[in-house]
Amino acid sequence: MSGPTINDFTIRVATVNGTGSASANGLLMKTIFRMGIPVVGKNIFPSNIQGLPTWYEIRVTGAGHAGRDGDVHFVIAMNPETYAQDLAEIAPGGVLMYDSSWPRPELMSRSDVTVIPIPLSAMCNEAFEVARSRILMKNMAYVGAAAALLDLDVAVIETLVKEMFAAKPKLIPLNMQAVALGFDYAKANFTCPLNFRTSAMNKTEGKVMIDGNTAAGLGFMYGGATFGAWYPITPSTSLMDAFQQYCDKYRIDPDTGFHNYCIIQAEDELAAAGLVIGAAWNGARAFTPTSGPGISLMSEFIGFAYYGEVPMVVCDIQRVGPSTGMPTRTQQCDIQLCAYASHGDTRHLILFPAHPGECFEFAAKALDLAERFQTPVFFLSDIDIGMNDWMVDELTWDPSYTPDRGKVLSREELETSASTFYRYLDVDGDGVPYRTLPGTSEKGAYFLRGSGHTKLGRYTERGPEYKDVVDRLYEKWRRAATAMPAPVVIKASRPARYGIVAVGSSDAAVKEAQQRLEAGGIPADYMRVRGFPFGEEVDAFIEAHDVVFVVEQNRDAQLLGLLVNETSADKKKLVPVNHYSGEPLSYRFVLEAVEDAVKVRKIA
Amino acid sequence: MSGPTINDFTIRVATVNGTGSASANGLLMKTIFRMGIPVVGKNIFPSNIQGLPTWYEIRVTGAGHAGRDGDVHFVIAMNPETYAQDLAEIAPGGVLMYDSSWPRPELMSRSDVTVIPIPLSAMCNEAFEVARSRILMKNMAYVGAAAALLDLDVAVIETLVKEMFAAKPKLIPLNMQAVALGFDYAKANFTCPLNFRTSAMNKTEGKVMIDGNTAAGLGFMYGGATFGAWYPITPSTSLMDAFQQYCDKYRIDPDTGFHNYCIIQAEDELAAAGLVIGAAWNGARAFTPTSGPGISLMSEFIGFAYYGEVPMVVCDIQRVGPSTGMPTRTQQCDIQLCAYASHGDTRHLILFPAHPGECFEFAAKALDLAERFQTPVFFLSDIDIGMNDWMVDELTWDPSYTPDRGKVLSREELETSASTFYRYLDVDGDGVPYRTLPGTSEKGAYFLRGSGHTKLGRYTERGPEYKDVVDRLYEKWRRAATAMPAPVVIKASRPARYGIVAVGSSDAAVKEAQQRLEAGGIPADYMRVRGFPFGEEVDAFIEAHDVVFVVEQNRDAQLLGLLVNETSADKKKLVPVNHYSGEPLSYRFVLEAVEDAVKVRKIA
Amino acid sequence: MTSFVKPKIRRQNEPLNELGLARSDYDGAMSTLCAGCGHDSVTAALARAFFELSVVPRDVVKVSGIGCSSKTPTYFLKDAHGANTVHGRMPSFATGAVAANGGLTYVGVSGDGDSLSIGLGQLAHAIRRNVNMLYVLDNNGVYGLTKGQFSAAADIGSTAKKGAANALPPIDPALLALSIGATFVARSFSGDRAQLVPLIKAGLKHRGFALIDVISPCVTFNDHKGSTKSYAHTYKYYHKAIHADYVPPSAEIVTAYDEGELMPVELHDGGTIQLRKLDADYDPTNRVSAITHLMNSQATKEVLTGLLYIDESRLDMNEENNLGRVPLHSIPYTKLNPGAAALKDIQSEFR
Amino acid sequence: MTSFVKPKIRRQNEPLNELGLARSDYDGAMSTLCAGCGHDSVTAALARAFFELSVVPRDVVKVSGIGCSSKTPTYFLKDAHGANTVHGRMPSFATGAVAANGGLTYVGVSGDGDSLSIGLGQLAHAIRRNVNMLYVLDNNGVYGLTKGQFSAAADIGSTAKKGAANALPPIDPALLALSIGATFVARSFSGDRAQLVPLIKAGLKHRGFALIDVISPCVTFNDHKGSTKSYAHTYKYYHKAIHADYVPPSAEIVTAYDEGELMPVELHDGGTIQLRKLDADYDPTNRVSAITHLMNSQATKEVLTGLLYIDESRLDMNEENNLGRVPLHSIPYTKLNPGAAALKDIQSEFR
Ligand SMILES: Cc1ncc(C[n+]2csc(CCOP(=O)(O)OP(=O)(O)O)c2C)c(N)n1
Ligand SMILES: Cc1ncc(C[n+]2csc(CCOP(=O)(O)OP(=O)(O)O)c2C)c(N)n1
Ligand code: SF4
Ligand code: SF4
Ligand SMILES: [Mg+2]
Ligand SMILES: [Mg+2]
């Protein structure tokens, strides 16, 4: 259907983890990016540390798509264990390049695939002494070969190599030598470049390549988070690593050496939740990054924060469930849990960033919402967003921004006010009471508890007093809908009876599918929801269409379930499109699912 | 609307906990029960050990209703702290009896309430020496006074007192003396009996008064549970106490002294869940009783049992949430959590017993379902069912019953079978694979894991292999619907456009409301759902009515939410009727809610 | 918890502390515990210690888990913020609170169930981090609030109200704490305010995590022979190894003590505890001997009370994390946000 | 995990054990750990111990939590049932399994993160219950699987790959276990199979909870100077206090040892461990001295290995609970259901 043509094809590098190929693949992708050509990178890695198959996919997309294609056209096969699979998965007309130091005639089995054998190991073993560099240089060599075959700009490669090894300059010639080995061999033995290849453009101006966890860590620093607690878990770990790294650089007082932040590695997720709630109750802007298992473990504490009205930001970088599931594969499988986490009547706020740009923006937003509504806020990302490099507009920060700390009474306010302070009283009639921080004033003292309490903050076991408070909590939650980021709607160029709804990382693939659907004669409007509770726009969008496809990355149609329960939508209109194999969503999946559904309906 | 008349009125005893009134109130209720008059008892107690207000409500219901009335007609006020409230809550025409040793003229303030002062303390202090018996005998004295005023059978009281103190016979005369004190004083000073009073019947033949937790504990013993683990939490504690007590009596091998059961008090609920899963995986029939906070804490392990397919029975005796909430008040607030507990795509089986009789029956049922479907099963009760005495048919046991252990392969089967054993293979096409127990045979060895696995039981990170298994899990769950106890439908005597749906402890009040609604000209059919996933009957019932009232005891209409998501029901038909103040549901609440809703609709 | 603006009625010449506050100003709401519960005595001792130290009420933060013991923070210092968290998880909440604002005084109250069963892991890690707080463990050997099941501190052989006998060895919080590096470990008895108040004051002054294991009998479920936590038992075997008496820096009373029997321990803030040693050779700065003493007293079934161990040398969590005096909530946003220029610069590596 | 019906290819005169099984019959799936990971050596030691004890493979149950270490149960005894549970919660799962069937041999493998951070509470309570199992703690001072963060066993001052230095005192699992009443505590080093195999055999034979803390370096994240868990460090400070050698009841080899240097410890099943004491005065039956030794070695920064403490006198959990030999799943239903008559009289009190 599309590709492979100039600046429109997908490269897949198949290697073994722990062999240093990651940086070579990064080099490959950045080279294309620096050539001004939009790229999409996806890292499919195993849940171990060394020795298992790993794949890196680079989509070259002059059209500037942000999601996966679904087809693969150029495979760099460095892992004999997966040769068969790698060969099988190439699209017709594709090319497979492999390390022919140990020839594999069986790779010739596909007539519709061109196989390019390059004796990478042999060349490197000949060229280099140390075992270590023999392994590492093999990676640079395949970059070189790819450069020749795909017409990459070797000057750009050289610049990048220089940047990479700025610290150890003597490694630069060594690495360039390896690149040359592959490059020259390819030039000498095959017609280069291939018919599908790169060609410089200027479409990456003002863009950066960044992963969502790094962007979120940066966002929490810029948003003024002062406290972070966490327990390591893939794929959330790199979020806290980023926050830590940036705080170490920008948050240490040059004069006193004091830290303007505190990060604590908890003993588990229950403790991480407690740490954040304790710190937030005591005035810090606090967050904790985790993944599904962590949300399960934090459930009790989340209900405490909800009922006690303590601000709390929880980042759930979703991975494949249930249970331990597939820790390095992506899904959107905690949507329903995060909406209602904990026992009893509980409901929360959720932000759905769709790419690293929004991770940066929503991190601060999450802190603001948590403090404004004094309640847990979920920052719901996933492995695809969090751990892959995405091409996004350069991050910028609005200098006029100041953190929204919500309704916090100062000592002055407490001591000069005529009226007595009661923690859970709806003074302003907006469902949000005033809070005080420990140490402020005797007049502001109150007792935080997860047990029944009156609107005055006193312990109670009386039904009406209990209801006063939980009814307000519902009202507070409902009103929060208008404070969530508005949905993003992309209308078809002509009136459409079909609609599509999605959240988070599905966005890129759905956007592309929408374009191709219209091109294929199926115009559909698309609404990307960005927050929960849903605003009226969501009801209106569904109302306005005959059929609405709900695209999400889980088995049980969790987003669809929320739409059915929390909007006026007629559920008969909603058609589930569920992808849950663990790989990032591709436009082809969405396209085919919708096309099939439409056919079925036409017939019916 | 109803009462107070002969055998149709409600008594409320207001006392302080820790003063020994509980047994006196039990005596009062049992006397009426032994007189052949149906009774309903509700204990409203505080979450502390001694010194706070507590109420005991006894509904005398010749008509044999099983739920609360909502009105109170005869108050025995023993706690000055709550005099005002107690007086205020009496229905017009009601009677308040109080300890007038310290006269309280202000109690005369209501012209529509008769106040009967009886100097209980004064009399007891005069009659008894020891401080301890002065306190305790005061309770017996109010029983005596009530006996005179309500025409209770003193002979029955005496028999009961004899049974109570069979162990310490010399206490019998002492107690009867106290009863006489109250009885005689009342007779001497007031016209006895009152116009509303008791009159012997024979409607309690073949009935017993039992609480749901005791019945469940008994059910687990009869159902063949061999392992129980728990962490103490109100209101689930008495369930394990009962199981322990009965096992100590009937499960210790008289010859060897060995225990045919094992009960372990865990260090917390996470551990309780692990204990049960480990024991069940190793072949025990295992269960754990807990309440809301425990479910939150067990969430991670529940997902493990779901994905690893380990049988597990979790009893959630619901109490008011969120968080610690009101631990001694009742709600149905964990319905949604139990349906989907844990991160990732997870869905579970739920049983909804409505009274102690079903607690006994469903305990065994839960064990069978868990082993048959190799998955967590929730036994969803609440404080009202679990901790109050209900009048139910005497419990009986079908001698032909044998436990359903599900598909467990024996050593013989494994070693003689031609085909290799694979743990997660859908051999029979019913979604349920075969399992083996440790120690059975090398041929049955497999590895249980919460990480991605293939249908052969091997570790995987490949999408299609992962989907094989989770798709079957969904199918297995769906098929379980037909194995759940069928809904109980009570049709109106004429065709009805209104329907009512409820679960669990709401049943008694809803049944009565249904009768009174029809009497009042609003015929409605009533379906009590007893299991989740829902069977087709549920879809059909909703389909068959124009308006369906969903009565439940929580704020967020959790049952309604499940109906909307998991049946074909058109949600516009469903009208929420939510009671969540923490007291047991009364027919008046349901009646008024439905009547109001109907009026509104008529106007609209 | 309460913010009534009620006129303070003072008894005539009621003693006032340096702040001009009376002991009653350190009270809280009315207790709802059983009459005679040991926990109420601990509450009274806490109020007295704060009064005697002239602590500004609003500068105190009270935290607890769930249990009868955990209810007690509402019963003292009504003018201080407090938090009744979830069962067994108070240590993590407290750790977060302390990190957020090192300028306040933190007191946690917990029970043996809350601390040694569900909460064992969190307690251990709070100790390891040396969080600067006083942690009072009201130890009655049972779960009071859930009606008398054994806790992990119940002694072998002791029998619960229902009559079942406990077969598992008790976990001794003091021993556990010492084995994982606690910097302040003491034990006392709820009925012995003369010993308890000074220990509480010392614990409050300690820079780091101070654990006081207070034997606090449950009159309702555990006050019968059989249980070594009962009044009966505790009085019988009661034996003070060490008597601790806190002396504030600027006080003269020191001289009132007999020099010969004193061993002063320098506290971080300059104050000192004077140890009165019944065992002349006891050294509360030696971890190994503290453990040995405890294990030997276990063997002889004695309840060793007093200051068992103290180490003022280790940094507390906030120092370890280079947190300054300024509470996190008072750091100006300008110091938190590095600005647009930095953002540009950071992104250079993403091109 | 696997049920392949693959023909057994045997090397010629490959040694067989009493069951006629070869060492290779105790292997499992291929390891996916890093080449050189200490955990693989522990796996090999486990397989050898089971082989030498001639344990029937199907009678073994392997359990673990989550982590690189927790993956290893798949790498030995492929013919035994195994369970890879959730992070830090293996002890409760194992406890339930052991209670359900006391007739099998239980071996748990965990890591320092799995056991001392998230799992500390569960580990402590399994020890307290004296669950009859061998618990092998692969201790590398880091979280391997999540790429090298410090665990609670990381030593002060050791630096992680990313270069941050650890400031918190390590939790020593052996010391912790001893302080809460463990009945079998040993320590060894993954690289020292000669010492490890006998300790594993002794632990398997021990009636009750046997903890072996195995220093097992993480070559990828923790094998650099700075870390005392690294090969470099461990070899440098490596110092055997005790060398343990298990001797099965009916074997003669005992005589092969020099009586003068042996201290036999009677095991519950009649077997004995022969202790070779380098420190002539070491007594592995004395809890206090075990703790003292450990604390002193901590002070001198030495890694003390060998059998530190053993107590064969305490009943294990199943005995404590009066569980017979019959697995719970094999008790006939007739013995579980008291029948209709009993049901009638139970209900007499409800009338
Ligand atoms: C998650 C959770 N599990 C169980 C409970 C029930 N519960 C309340 S208090 C308590 C034990 C309290 O014992 P302890 O800490 O010793 O306090 P005490 O009442 O003895 O002072 C338990 C198990 C709870 N509130 N939350
Ligand atoms: C609930 C939960 N939290 C976090 C994780 C992520 N995680 C996996 S392994 C691990 C630590 C493993 O460390 P250790 O037990 O020392 O094993 P090692 O890899 O060092 O052998 C963590 C934090 C998880 N799997 N589950
Ligand atoms: S039950 Fe025990 S611990 Fe609880 S308040 Fe009463 S005496 Fe105190
Ligand atoms: S990361 Fe460390 S612990 Fe994990 S497998 Fe590699 S070497 Fe072993
Ligand atoms: Mg206690
Ligand atoms: Mg480790």
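Just so we're clear, the structure is a prediction, and the values are computed from it rather than from any experiment. Lettering of chains follows the sequences in order, A, B, ..., and the numbering in each one begins at 1.
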Original post:
Which value, rounded to the nearest 0.5 Å, describes the distance between B:Tyr261 atom OH and D:Asn322 atom CG?
Top reply: 8.0 Å
Original post:
Under 30°, 30 to 60°, or over 60°: which ring-plane class applies to D:Phe93 and B:Phe304, parallel, tilted or perpendicular?
Top reply: perpendicular
Original post:
To the nearest 0.5 Å, how far apart are OH in D:Tyr333 and CZ in B:Arg285?
Top reply: 7.5 Å
Original post:
Are any of the side-chain heavy atoms of B:Lys249 and D:Ile346 separated by less than 4.5 Å?
Top reply: no
Subject >> side-chain contact (heavy atoms from CB on, under 4.5 Å) between B:Thr214 and D:Phe350, worked out >> reply: CA-CA 11 Å; B:Thr214 301; D:Phe350 302 132; 3.8 Å; yes
Original post:
Checking heavy atoms, do the side chain of B:Leu270, its backbone, both or neither come under 4.5 Å from chain D?
Top reply: both
Original post:
Sub-3.5 Å donor-acceptor pair from the side chain of D:Arg351 to the main-chain atoms of B:Arg34, do we have one?
Top reply: no
**OP:** Using non-hydrogen atoms and a 4.5 Å limit, figure out which bit of D:Pro327 sits close to chain B: side chain, backbone, both or neither.
**Re:** neither
Subject >> Heavy-atom contact with chain D under 4.5 Å, split by part of B:Phe33 >> reply: side chain
**OP:** Would you mind telling me which of B:Ser451, B:Cys247, B:Ser441 has the largest number of heavy-atom pairs within less than 4.5 Å of chain D?
**Re:** B:Ser441
Original post:
Just by distance, do the side chain of B:Tyr459 and the backbone of D:Thr74 share a donor-acceptor pair under 3.5 Å?
Top reply: no
Subject >> Residue pair D:Leu328 / B:Asn282, side-chain heavy-atom distance below 4.5 Å >> reply: no
**OP:** Under 4.5 Å heavy-atom distance to chain D, tell me which part of B:Trp397 shows up: side chain, backbone, both or neither.
**Re:** both
**OP:** Give, for atom CG of D:Asn337 and atom CG of B:Asn260, the distance between the pair rounded to the nearest 0.5 Å.
**Re:** 12.0 Å
**OP:** Taking heavy atoms only and a threshold strictly under 4.5 Å, list by residue number the residues of residues 202-211 of chain B that touch chain D; give 'none' if the list is empty.
**Re:** B:Lys207, B:Val208, B:Met209, B:Ile210
**OP:** Please determine, among B:Gly439, B:Ala284, B:Ala225, the option with the most heavy-atom pairs under 4.5 Å with chain D.
**Re:** B:Gly439
Original post:
Any idea which of B:Gly224, B:Ala266, B:Ala279, B:Ala280 has the most non-hydrogen atom pairs under 4.5 angstrom with chain D?
Top reply: B:Ala279
**OP:** Heavy-atom distances under 4.5 Å only: say whether B:Arg423 touches chain D with side chain, backbone, both or neither.
**Re:** neither
**OP:** Identify which part of B:Ala229 has an atom lying under 4.5 Å from any heavy atom of chain D, answering side chain, backbone, both or neither.
**Re:** neither
Original post:
Given a strict heavy-atom distance threshold of 4.5 Å, which part of D:Met90 is in contact with chain B: side chain, backbone, both, or neither?
Top reply: neither
Original post:
Any side-chain heavy-atom pair from D:Arg58 and B:Lys443 closer than 4.5 angstrom?
Top reply: no
Original post:
With only heavy atoms counted, which part of D:Pro91 is less than 4.5 Å from chain B, the side chain, the backbone, both or neither?
Top reply: neither
Original post:
Quick one: of D:Val86, D:Asn321, D:Asp59, D:Thr95, who has the most non-hydrogen atom pairs under 4.5 Å with chain B?
Top reply: D:Val86
Original post:
Once you round to the nearest 0.5 Å, how far does CD of B:Glu442 lie from CG of D:Leu77?
Top reply: 9.5 Å
Original post:
Quick one: OG on D:Ser92 to CD on B:Glu269, what's the gap to the nearest 0.5 Å?
Top reply: 12.0 Å
Subject >> Heavy-atom pair of closest approach, residues B:Ala271 and D:Gln122 >> reply: CA-NE2, 3.3 Å
**OP:** Might you point out which heavy atoms bring B:Lys30 and D:Glu349 nearest each other, and give the distance in Å?
**Re:** NZ-O, 2.6 Å
Subject >> Derivation of the side-chain contact (heavy atoms from CB on, under 4.5 Å) call for D:Leu343 and B:Phe360 >> reply: CA-CA 11 Å; D:Leu343 188 54; B:Phe360 181 65; 3.9 Å; yes
Subject >> Residue part contacting chain B, namely of D:Leu104, when any heavy atom lies under 4.5 Å >> reply: side chain
**OP:** Flag the pair D:His329 / B:Val408 as yes when at least one side-chain heavy-atom distance between them is below 4.5 Å, and no otherwise.
**Re:** no
Original post:
Which pair of heavy atoms, one from B:Tyr222 and one from D:Gly339, lies closest together, and at what distance?
Top reply: OH-O, 2.7 Å
Original post:
Can a salt bridge be assigned to the pair B:Glu267 and D:Arg129 using a cut-off of 4.0 Å between side-chain N and carboxylate O?
Top reply: yes
**OP:** State which residues pass side-chain contact (heavy atoms from CB on, under 4.5 Å) with B:Thr256; sequence neighbours excluded, sorted by chain then number.
**Re:** B:Asp253, B:Phe258
**OP:** Mind checking the CG-CG spacing from B:Leu437 to D:Asn101? Nearest 0.5 Å is all I need.
**Re:** 9.0 Å
Original post:
With a 4.5 angstrom heavy-atom cut-off, which part of B:Pro399 approaches chain D: side chain, backbone, both or neither?
Top reply: neither
Original post:
Does D:His81 offer a backbone N or O that forms a donor-acceptor pair with the side chain of B:Tyr446 under 3.5 Å?
Top reply: no
Original post:
Where on D:Ala342 is there a heavy atom nearer than 4.5 Å to chain B: the side chain, the backbone, both, or neither?
Top reply: both
